[in-house]
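In the text below, chain A, chain B and the rest are named by the order of the sequence lines, each starting its count at 1.
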Protein chains: 2
Amino acid sequence: MGRWEPNTRERLARAALELFGERGYEQTTVAEIARRAGLTERTYFRHYADKREVLFGGSDVLRKVFATAVAEAPASDAPIDVVAAGLEAVAAVFPGRETARQRQSVVGSHPELQERELIKLATLSAAVTEALHARGVADPTAALAAEAGIAVFKIGYERWIAPAEHRELADLLHASLTELKAVTAGSR
Amino acid sequence: MGRWEPNTRERLARAALELFGERGYEQTTVAEIARRAGLTERTYFRHYADKREVLFGGSDVLRKVFATAVAEAPASDAPIDVVAAGLEAVAAVFPGRETARQRQSVVGSHPELQERELIKLATLSAAVTEALHARGVADPTAALAAEAGIAVFKIGYERWIAPAEHRELADLLHASLTELKAVTAGSR
DNA sequence: AGCACTGATGTCAGGGACTGTCATCGCGTA
DNA sequence: TACGCGATGACAGTCCCTGACATCAGTGCT
């Protein structure tokens, strides 16, 4: 038994998040994660490239959702509005806030995990830039709009998982975008 | 012999860059780097926290130079001009272009090294933000000015090490900043 | 039912990154 | 000279990660 249980990746991700919360990231071995998921260390590495990656399984979905929304936005929309549509789409598919908080408390206290998060965001930015290119947006504008979108996502997401925060992600992303517009348009 | 040779860190860094260029990053072991520098693997890890860090020894200097220049800029300067002063100071202390190109050819082809570069830039951005705070610049402005400065540095540096590029780093940083100003001020 | 085929998993061996511990060495100083 | 201090060497050990091969569950075909 144990073989052929479904949702292997998800079981591994859940086991990892639990163990990281219980003992800490460094004190948890990959073998332990696999064992809690009813699997072997070798099998873990067939689903995740390394020990860190298990915390970032959602970034693929995030990238696809964002890029698809950008690609399918009305042709008449300005780049910044296209990015806003991407942010809305992202907010709609995001998992629970408690899981996000657990995850962030682990990532936030380990530089090697922050490194991974940074490169995921950079990849996301590149994907949005490319999606804008496909709409005919030229390069300085496309890259800047993408960077701005990622910055808004970052800030809105941080707010969303902050303690005692109850507003929805969609609202916080919208508010953050509005503030960015105000700052860049301000008389500075 | 071998003990008490001076410039241990620099010797390790040079040996690493040579070996990474000759055999590639993954095909080089830390023991080999140490041996070429006339040292032991264990000693390597007393000077650099991990295998990647040996390629980023200059980031400390970079951060200090940038932050100091920001702190010492004329009090009347606007935030963006303060950042410009920091960029000038950075350009003045940068090592040779050929070394930078070697280094970049290694970093550019290994995601784990790009991760490290991203977190170094994030740290630099945070240091600049803090230096601006110390000048009395408030937070949305300080963080945005710092981010803008880092973006300019990134782009200018990329141009500087591009093949067939002969202009000086200072000129390229200046040009990039000018272009950023044009983009953000443009009728978009 | 019996059979081959495919894909996911288990098992095993091994290299390389990184750490803790203790001994040793070179140098300055009393 | 004796002593102390900081840097290095030597050694053992853990964990991350990989390659190679065997094994099992399910599928389609006969």
Side-chain angles (χ1 to χ4, degrees), chain A residues 1-57 60 106-107 109-117 119, chain B residues 1-57 106-107 109-117 119-120:
Chain A
M1 99 197 67
R3 285 229 224 198
W4 277 194
E5 303 259 346
N7 304 114
T8 310
R9 278 178 67 91
E10 287 70 19
R11 268 161 49 217
L12 282 167
R14 181 165 23 252
L17 195 55
E18 289 174 10
L19 284 166
F20 293 163
E22 293 171 14
R23 323 185 184 175
Y25 174 76
E26 290 172 348
Q27 283 65 43
T28 302
T29 72
V30 174
E32 289 168 343
I33 297 170
R35 208 158 59 86
R36 177 165 299 198
L39 295 165
T40 307
E41 184 183 19
R42 191 65 185 85
T43 298
Y44 172 96
F45 285 108
R46 290 195 179 99
H47 288 272
Y48 295 102
D50 55 43
K51 184 180 175 183
R52 302 178 241 169
E53 195 64 16
V54 71
L55 284 169
F56 299 87
D60 255 23
V106 177
V107 173
S109 52
H110 293 278
E112 48 188 306
L113 296 173
Q114 294 166 30
E115 288 184 348
R116 182 59 50 89
E117 186 141 276
I119 204 169
Chain B
M1 98 199 66
R3 284 227 225 201
W4 278 191
E5 303 259 347
N7 304 114
T8 311
R9 277 178 67 91
E10 287 69 19
R11 268 161 51 218
L12 282 167
R14 180 165 24 252
L17 195 55
E18 288 174 11
L19 284 165
F20 292 164
E22 293 170 15
R23 323 185 184 175
Y25 174 75
E26 290 172 349
Q27 282 65 44
T28 303
T29 72
V30 173
E32 289 168 344
I33 297 170
R35 207 159 58 84
R36 176 164 299 197
L39 296 164
T40 308
E41 184 184 19
R42 190 64 185 88
T43 297
Y44 172 95
F45 284 108
R46 289 196 180 97
H47 289 272
Y48 294 102
D50 57 41
K51 184 179 175 185
R52 304 178 238 167
E53 195 65 15
V54 71
L55 284 169
F56 299 87
V106 177
V107 173
S109 51
H110 294 277
E112 47 187 306
L113 296 174
Q114 293 165 31
E115 288 184 349
R116 183 59 50 89
E117 187 142 275
I119 205 171
K120 293 293 184 188

Interatomic distance, [X] [atom1] vs [N] [atom2] [rounded to whole Å]:
X: A:Glu53; N: D:dT18; atom1: CD; atom2: C1'; result: 17 Å
X: A:Asn7; N: C:dT9; atom1: CG; atom2: C1'; result: 16 Å
X: B:Glu26; N: C:dG15; atom1: CD; atom2: C1'; result: 14 Å
X: A:Tyr44; N: D:dC15; atom1: OH; atom2: P; result: 15 Å
X: B:Gln27; N: C:dA17; atom1: CD; atom2: C1'; result: 15 Å
X: B:Asp50; N: D:dC16; atom1: CG; atom2: P; result: 15 Å
X: A:Leu39; N: C:dT11; atom1: CG; atom2: P; result: 11 Å
X: A:Arg52; N: D:dC16; atom1: CZ; atom2: C1'; result: 11 Å

key: Any B:Thr8 side-chain N or O less than 4.0 Å from OP1/OP2 of D:dA7   =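 Checking B:Thr8 against D:dA7: no side-chain N or O falls below 4.0 Å of OP1 or OP2.
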ask   = Would you say A:His47 reaches C:dA8's phosphate, i.e. side-chain N/O to OP1/OP2 under 4.0 Å?
value =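 The answer is no; no side-chain N or O of A:His47 sits under 4.0 Å from OP1 or OP2.
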[X] vs [Y] side-chain heavy atoms within contact, under 4.5 Å:
X: B:Arg11; Y: B:Leu39; result: yes
X: B:Glu53; Y: B:Lys120; result: yes
X: A:Ile119; Y: A:Arg116; result: yes
X: A:Gln27; Y: A:Glu22; result: no
X: B:Leu12; Y: B:Tyr48; result: yes

Contacting residues from residues 29-36 of chain B, given that a heavy atom lies under 4.0 angstrom of DNA chain C =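 Within residues 29-36 of chain B, the residues near DNA chain C are B:Thr29, B:Val30.
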[X] side chain, from C-beta outward: closest of [options]:
X: A:Arg42; options: C:dG20, D:dC17, D:dA20; value: D:dA20
X: B:Thr43; options: C:dG10, D:dG9, D:dC17; value: D:dG9
X: B:Phe45; options: C:dA17, C:dT9, D:dG9; value: C:dA17

task = For B:Tyr25, check ring pair (Phe, Tyr, Trp, His ring centres under 6.0 Å) against everything at least two apart and list the hits.
result =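 Once residues adjacent in sequence are excluded, the partners of B:Tyr25 under the ring pair (Phe, Tyr, Trp, His ring centres under 6.0 Å) criterion are B:Phe20, B:His110.
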request  = For A:Glu41 and for B:Thr40, find the nucleotide of DNA chain D with the closest heavy atom, then tell me which residue's nucleotide is more 5'.
outcome  =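 Its nucleotide being nearer the 5' end, the pick is B:Thr40.
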key: Heavy-atom donor-acceptor pair, A:Arg46 side-chain to C:dG10 base, under 3.5 Å   =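 Checked by distance alone, the answer is yes.
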query = Is the count of non-hydrogen atoms from other residues, nucleotides or ligands lying under 6.0 Å from A:Arg52 atom CZ greater than 12?
reply =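 Counting other residues, nucleotides and ligands, CZ of A:Arg52 exceeds 12 neighbours.
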